[in-house]
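Per chain, numbering begins at 1; letters A, B, ... match sequence-line order.
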There are 2 protein chains.
Amino acid sequence: MRSSIEEAPDHCAIEFAMEMLGGRWKLAILKQLVAGTHRFGELRRALPGITQRMLTRQLRELEADGLVTRTVYREVPPRVEYALTDVGHSLESITHELDKWGRWYRETVRREAPSGPCPPA
Amino acid sequence: MRSSIEEAPDHCAIEFAMEMLGGRWKLAILKQLVAGTHRFGELRRALPGITQRMLTRQLRELEADGLVTRTVYREVPPRVEYALTDVGHSLESITHELDKWGRWYRETVRREAPSGPCPPA
DNA sequence: CAGGATCCATTACGATACTG
DNA sequence: CAGTATCGTAATGGATCCTG
């Protein structure tokens, strides 16, 4: 997800977007930050299943792309806060829509899936 | 992108969605199909950079998830047409928004990037 | 607390060649 | 035309241990 389309023509801006936002965690992290500033540990707890390694990496990429800010407070137990930039906020409705769609699909579509493993017990 | 969250609680439906839609090509393919039915070769030409191998795989996964239909016409030069299901169509606005965002980001944000290679000469 | 370093497994992606 | 088969690279994801 970090290859180099870079200079693709006008077609498939969505492909460009997915290069930046694709992957398992990016949009989930963004969605958390839409709700407000989070510390590293808060994000970790909010995203069960992610390892700190991945969380760190994804946050650095989001920071490099100008979607989140990283603020370090040099205190005795160190504190680092992550927040959305204006650009990051521009994805707010998309993350919301995707979340809504995911919930709808999981609760509605999967039930009536062909050979779905959820017969009405 | 095909692991097993499956039974995640109510948090992070977006993560579930990205498991299904993440990756470089899925949403780009869906976006093409929003415009109407496409043959395999048409999709391939519409998505420069994709290999037939990837296109085949992604289409099969989309089909398995109930987002697209695959219709085979047993003719002399074989013909296969792909189209969106109703569920696939439910992603129409999201693909549109993401495409719009990608275009906006590429044309607006990247220019004024921090330490960007484009100082106002 | 927030991470970096290291090692390892799995998956995504891609180039090329071949086929009904 | 619309694939399948084979092979290789790179990215992703994770476990564990270490540090300012």
Under 4.0 Å: is that the gap between some side-chain N or O of Y82(A) and OP1 or OP2 of dG3(C)? yes
Let me know the distance between CG of L55(A) and P of dC1(C), rounded to the nearest Å. 14 Å
I need the CE-P distance between M20(A) and dT12(D), as an integer number of Å. 14 Å
Protein-nucleotide distance (Q52(B), atom CD; dT4(D), atom P), rounded to Å: 10 Å
On DNA chain D, nearest-nucleotide positions of P77(B) versus G49(A): which is more 5'? P77(B)
Of the listed nucleotides (dA2(C), dA15(D), dT4(D)), which one gets closest to any side-chain atom of R60(B)? dT4(D)
Touch check for Y73(B), heavy atoms < 4.0 angstrom, all strands: base, sugar-phosphate only, or nothing? nothing
Between P on dG3(D) and CZ on R74(B), what's the gap in Å once rounded to a whole number? 11 Å
Q58(A) side-chain N/O to dT12(D) phosphate OP1/OP2 under 4.0 Å: no
I50(A) has an atom CD1; how far is it from atom P of dT12(D), in whole Å? 12 Å
So does K26(A) pair up with E61(A), basic N to acidic O under 4.0 Å? yes
Tell me whether the OP1 or OP2 atom of dG3(D) has a side-chain N or O from R70(B) closer than 4.0 Å. yes
Of the options dG14(D), dG20(C), dG4(C), whose atoms approach the side-chain atoms of R53(A) most closely? dG14(D)
Nucleotide dA12(C), atom P - distance to CE of M18(A) in whole Å: 13 Å
When you measure from the side chain of P78(B), which nucleotide among dG3(C), dC1(D), dT4(D) comes out closest? dC1(D)
Do T56(A) and R53(A) touch side chain to side chain, with heavy atoms closer than 4.5 Å? no
Quick check on side chain to side chain donor-acceptor pair (under 3.5 Å): which of R70(B), R39(B), E42(B), H38(B) does Y82(B) satisfy it with? R70(B)
State which of dG20(D), dT12(D), dG3(D) makes the closest approach to the side chain of M54(A). dT12(D)
Between dG4(C) (P) and L59(A) (CG): distance, integer Å: 10 Å
Counting only side-chain N and O atoms of W25(B), is one of them less than 4.0 Å from OP1 or OP2 of dG14(C)? yes
Choose from dG3(C), dA2(D), dG14(D) the nucleotide whose nearest atom is closest to any side-chain atom of R24(A). dG14(D)
Under 3.5 Å, is there a donor-acceptor pair between the side chain of T95(A) and the main chain of E92(A)? yes
Please report the interatomic distance CD1(I29(B)) to CZ(R44(B)), rounded to the nearest 0.5 Å. 12.5 Å
Checking dG3(C), dA2(D), dT12(D) against the side chain of R57(A) (C-beta onward), the nearest is dT12(D)
Rounded to whole Å, please give me the gap between CD1 in I29(A) and P in dT12(D). 12 Å
